[in-house]
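These notes are about the structure you will find just below.
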Amino acid sequence: MMVPVRFEWQIMKVKIIITPKKAVLDPQGQAVLNALEHMGYDGVKDVHVGRFLELELSGDKASMESRIEEACHRFLSNPVIEDYRVEWEE
Amino acid sequence: MMVPVRFEWQIMKVKIIITPKKAVLDPQGQAVLNALEHMGYDGVKDVHVGRFLELELSGDKASMESRIEEACHRFLSNPVIEDYRVEWEE
Amino acid sequence: MTQVDTETELSTISDQGNASKFSFGVLQFPGSNSDQDCVNAIEVLGHEAHYVWHKEESLGHLDAVLVPGGFSYGDYLRAGAIARFSPVMRALADFAENGGLVLGVCNGFQILCEAGLLPGALILNRSLQFRSEFVHLSTVNSGTPFTKAIPADQLMRVPIAHGEGCYFADGSTLNEMESHGQILWKYATAQGDLEDHANPNGSVHGIAGVCNKAGNVAALMPHPERACQEAIGSADGQWIFRSLIEHLKDAK
Amino acid sequence: MSDPKITPELIRQHNLTDEEYQLILKQLGREPNITELGIFSVMWSEHCSYKNTRSLLKGFPTRSSNVLVPAGEENAGVIDIGDGLAVAFKIESHNHPSAVEPFQGATTGVGGIIRDIFTMGARPICAVNSLRFGKLDSPEVRRLFRGVVAGIGHYGNCFGIPTVAGEVYFDESYEGNPLVNAFSLGVLRHEQIARGAAQGIGNPVFYVGPATGRDGLAGAAFASQDLTEESAEQQRGAVQVGDPFMEKLCMEACLELLATGAVAGIQDMGAAGLTCSTCETAARGGTGIEIELDKVPQRGPGMSPYEIMLSESQERMLIIVHKGREDDVKRIFDKWDLPWAEIGFVTDTGQMVVKHHGEVVADLPAAKLADEAPIYHREAIEPEYLKETRGLDLHSTQDTTDVEGDLHALMAWPTIASKNWVYRQYDYTVRNGTMVHPGSDAAVIRVKPDSLPVLSEDSPNRDVIPPEKYLAMSVDGNGAYVYLDPYEGGKIAVAEAARNLACSGAVPLGTTDNLNFGNPHNPELFWQLKEAVRGLADACTYFEAPVTGGNVSLYNQNPKGAIDPTPTVAMVGLIEDPSHITTQWFKNEGDVILLIGESLDSDDPYQGLGGSAYLKVRHGLKKGLPPRCDLTVEKNIHNALRGWIAQGAIQSAHDCSEGGLAVALGECCISGESARHTPHLIGAEIQLKRAEQDRLDALLFGETQGRIIISVPSVFVGKITGQAEVMDIPVEKIGTVGGKTLSIGVDKHQFDWDLSKLHDAWFNSIDQIMES
Ligand SMILES: Nc1ncnc2c1ncn2[C@@H]1O[C@H](COP(=O)(O)OP(=O)(O)O)[C@@H](O)[C@H]1O
Ligand SMILES: [Mg+2]
């Protein structure tokens with residue numbers, strides 16, 4: 001049985017953008033670049049391909065912030081090959 | 001001899017965020033949500049996983065804009081199952 | 001390249017009877033799919049294999065652990081990223097910490113890297129496509145528990161089947177790995193040359209498999225467990241398992 | 001929420017004709033509501049009811065002493081393979097979804113067929129695929145091809161099932177309407193056969209698998225329409241996404257549950273999802289079923305009964321459980337972290353009752369819905385175009401003057417070229433069972449004890465270790481032949497599959513077919529269907545390979561017209577002994593090359609060139625009559641070949657198909673491969689005899705049926721030719737294996753091909769088109 005929620009948490013959205021580190025091969029970015037060139041999109045100089053996550057959260061923002069940072073570092077990105085960036089939105 | 005360029009092309013960056021359409025199953029988002037729950041991140045209510053592209057462009061912004069829109073629709077995203085959003089940055 | 005008749009040598013192993021049977025654990029995550037092949041390979045070699053469910057918190061008594069291939073948790077997010085938080089992985093880390101032998105294959109390699117038990121990471125193949133084909137492996141360091149039984153110059157013909165098998169580690173990590181002999185296998189041509197066209201996924205330096213600094217945890221992208229009988233195309237994968245068995249025997 | 005009124009417009013949108021609507025009124029004795037209308041529309045679509053084809057399908061042979069579950073009874077047929085073991089296999093199409101979204105269309109196609117197999121209680125052990133696309137010079141075709149192959153690969157790879165064989169043809173008739181036919185085969189013990197019947201009044205009905213979303217709404221109805229650009233656009237909201245990970249868990253959990261004995265009936269939710277599974281299980285059980293939609297897990301809020309009932313969300317199963325055994329379901333599905341819900345129970349009313357918020361939203365007679373769809377006997381008229389295609393006069397095309405160029409062109413032609421670009425994306429080694437990988441005439445799989453589903457604790461067979469079994473399979477179907485002569489083309493599809501099995505050392509067990517045709521309302525297209533089915537049926541009967549199931553996909557047309565009529569035939573065979581497993585490539589220098597079968601059919605006015613790859617590639621023609629298929633001769637040859645294989649006399653066997661003798665010889669020389677970039681090239685020296693009236697191109701590239709190239713150690717040659725004479729089988733010594741070239745002499749002419757060049761043309765052709 002679900003217990004009805006007692007008091008209003010904030011509902012937040014957070015966006016997490018994960019991109020390959022510069023030193024790491026980005027075969028997807030390269031392939032997209034080549035394909036764009038091939039198709040005649042000649043103003044495109046470089047392409048990087050990464051992952052995008054959107055999380056919906058409820059809770060207290062301050063504590064969420066540090067937990068999300070931790071999740072990004074431990075789980076959502078792999079620091080050996082990826083950088084991440086977190087963008088909050090209300 | 002190279003003739004110096006007469007007028008400055010703009011160097012621009014554009015970010016493209018591609019996400020599964022709301023009505024379409026997002027098993028990846030679901031898997032990440034479950035994993036976060038298991039790991040004790042209990043404030044997370046929903047997760048969507050998409051792709052992120054960063055393009056470096058040179059050229060005239062106005063014409064680039066329409067070309068990038070076109071590329072998003074034709075090639076970079078799969079309009080059958082994905083939505084995309086373009087964010088410009090100078 | 002020497003050809004050794006693995007089938008005959010195999011029989012000498014199985015002939016030794018129950019006394020010297022070792023017990024291998026094969027981890028099972030949701031989405032593991034080469035788990036059964038690992039068990040099959042161990043049984044072909046005359047030893048025992050047991051599945052260990054990912055929700056287990058202890059491994060029980062095992063001589064060695066195999067982390068199998070597959071798509072644990074659908075490979076969602078990143079291959080191996082979710083599996084490495086399974087309860088059994090804590091037990092595995094303890095087992096490895098105490099010197100236990102751990103061999104990861106394919107998805108198992110990805111999981112061990114994600115878990116930090118092995119250096120580096122595996123990214124998308126440079127072709128951006130899944131690759132399923134036989135490759136030749138050249139053994140770089142034959143002085144480890146995973147390679148000691150492999151005869152010098154013996155190439156191993158084994159299948160690969162992966163979409164994210166391009167090994168990456170940064171320069172300083174690679175240097176360190178090299179100086180500790182942590183690079184175990186590289187992709188080679190049929191003649192044993194380490195040429196780029198033999199590299200099916202773009203791995204840095206053509207690396208197919210590595211081990212940790214202590215030398216008791218190793219993994220590779222190719223599937224030796226799917227190459228333990230001529231009937232299914234090759235028995236060369238036996239060399240790796242026979243190395244483990246030999247090592248366990250020596251350690252007794 | 002008020003239901004819309006049932007208007008003629010709405011009825012039409014549901015693809016129901018006026019007569020069909022009248023029949024509904026009669027069956028119900030009242031007007032249906034919108035949910036009920038939706039249910040009728042999917043149940044009476046061609047996809048679910050076979051209303052246009054049922055009368056034709058009756059002509060198929062469906063029984064043999066080995067058939068345990070015949071076609072049509074359950075999700076897939078089951079055939080005995082001895083020692084208490086059996087196989088379940090079936091082929092199914094996902095053509096239209098793949099045209100809309102190639103990757104997801106293909107994944108869900110594979111997922112669907114795998115579900116059909118484990119629903120029978122079998123553990124799926126391999127997958128096979130049969131594909132047709134337009135010509136690869138179009139970027140759109142390349143996009144579809146790339147997406148479909150990646151999708152098939154992805155599903156099988158992630159699920160952990162080897163994809164071991166298949167075929168791909170490229171022809172302009174498939175432009176905009178690709179064919180994606182997926183096959184799967186599973187194994188089980190006889191005692192493990194599961195049934196899709198809702199048995200036991202009062203038994204609870206469980207829903208297992210992921211939540212229901214608005215996916216693939218009306219997909220079954222969609223599969224039963226002509227594909228116009230407009231409909232493709234409109235249907236885009238309907239794309240289903242496959243989740244092989246989920247299905248893998250679902251299968252493991254279902255097999256585990258079946259072993260507990262708690263299951264009274266099990267059925268997958270495929271096309272028409274919850275609708276089809278509830279009313280079919282009730283119809284099979286002779287019972288009724290009642291479900292409450294509030295209990296169905298739902299992905300989004302506010303789904304209507306109509307949407308829930310018609311959703312085609314993937315990877316879901318319906319399980320009827322013996323009362324009192326509910327806990328087994330909960331325990332096992334919780335172990336696998338899978339969602340489950342008890343949504344209803346079996347009744348004795350014969351009605352399918354659907355409730356939503358406690359109110360009845362559908363109350364329909366289950367058996368009528370499932371089994372009493374209208375049946376149509378469509379009009380069939382021999383097509384006009386045949387007058388023209390039969391009018392081909394071979395004399396109007398010059399005999400070849402560039403044999404070397406011809407062979408290069410044929411070997412590089414995508415339909416003939418190596419499909420390694422395709423199957424290198426498929427995991428074909430997982431499960432340690434694949435003995436002959438993709439790239440030979442038929443794939444060979446071994447069934448070992450661990451291939452079988454878990455056995456129940458109290459089975460009397462717990463301690464019985466079954467022996468290994470060896471299965472071969474091949475899928476075939478040449479649309480051009482069927483286009484030019486549907487009856488003969490249908491026969492050839494079956495004969496070629498049987499021949500591929502014979503070449504690998506196997507005896508046919510059974511067949512499953514997918515009928516990919518155009519709009520059946522068009523009498524000419526219906527004639528193609530009718531004639532092709534007749535050909536398939538005759539040949540299946542002849543080869544004693546009963547049809548155990550299959551699928552019909554009609555309305556395959558693009559704005560330019562219908563596809564070439566394309567029945568795809570997947571045949572499964574049994575190999576008695578592992579030493580009989582034979583592959584197509586030459587092995588040893590010095591072996592003698594023999595051609596079994598008449599090198600040229602002297603009764604064929606087109607000398608084997610009608611509908612041939614050669615005419616198409618070198619003269620741009622799809623004309624003439626296809627080569628004739630003499631089933632008696634064909635079967636004789638297969639029997640003889642298997643006999644010689646069993647005697648250990650044969651090193652390699654490869655049949656002549658597209659491209660004829662020269663292409664087959666080329667393939668024998670270059671198709672062996674030991675690893676990445678490690679082809680096994682071995683030459684051959686051939687000398688052919690030619691009668692005066694024989695054209696050179698016909699001799700080399702004609703597609704006369706019933707021909708097999710074997711290589712044999714010289715000590716066996718006398719024995720084979722002697723036995724052949726007794727059996728009245730033409731066998732001719734045509735050369736020896738060895739050397740660095742393929743060289744063919746005909747009369748005084750001598751033709752030579754460098755093997756590495758030939759290999760490059762053949763092996764890399766598709767890769768070059770796709771990756772440049
Ligand atoms: N889509 C595919 N998937 C897997 N294997 C394929 C596919 N297409 C072709 N193959 C394999 O390539 C080989 C040659 O196929 P094909 O030319 O159709 O042979 P045949 O003419 O003998 O029927 C076969 O082993 C076949 O299984
Ligand atoms: Mg063949």
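In what follows, chains are A, B, ... by sequence order, proteins preceding strands, each numbered from 1.
- Neither the backbone nor the side chain of B:Ser63 comes within contact range of chain A; no heavy atom of the residue lies under 4.5 Å from a heavy atom of that chain.
- Annotation for B:Phe52 and A:Arg85: closest pair CZ-NH2, 3.8 Å, computed over non-hydrogen atoms.
- Residue contact with chain A, scored on non-hydrogen atoms closer than 4.5 Å, involves the backbone and the side chain of B:Glu70 alike.
- In this structure, chain A has heavy atoms under 4.5 Å from both the backbone and the side chain of B:Tyr41.
- Between B:Asp42 and A:Arg67 there is a salt bridge, with a side-chain nitrogen of the basic residue lying less than 4.0 Å from a carboxylate oxygen of the acidic one.
- For the set B:Leu36, B:Thr19, B:Leu76, the entry with the most heavy-atom pairs within less than 4.5 Å of chain A is B:Leu36.
- Of the residues considered (B:Gln28, B:Lys15, B:Arg74, B:Lys45), B:Lys45 shows the highest number of contacts with chain A, using heavy-atom pairs under 4.5 Å.
- The heavy-atom pair separating B:Met64 from A:Gly43 by the smallest distance is CE-CA, 3.2 Å.
- In this structure, no portion of B:Ile16 lies under 4.5 Å from any heavy atom of chain A.
- Most heavy-atom pairs under 4.5 Å with chain B, from the set A:Val14, A:Asp46, A:Leu57: that is A:Asp46.
- In this structure, the portion of B:Ile17 lying under 4.5 Å from any heavy atom of chain A is its side chain and not its backbone.
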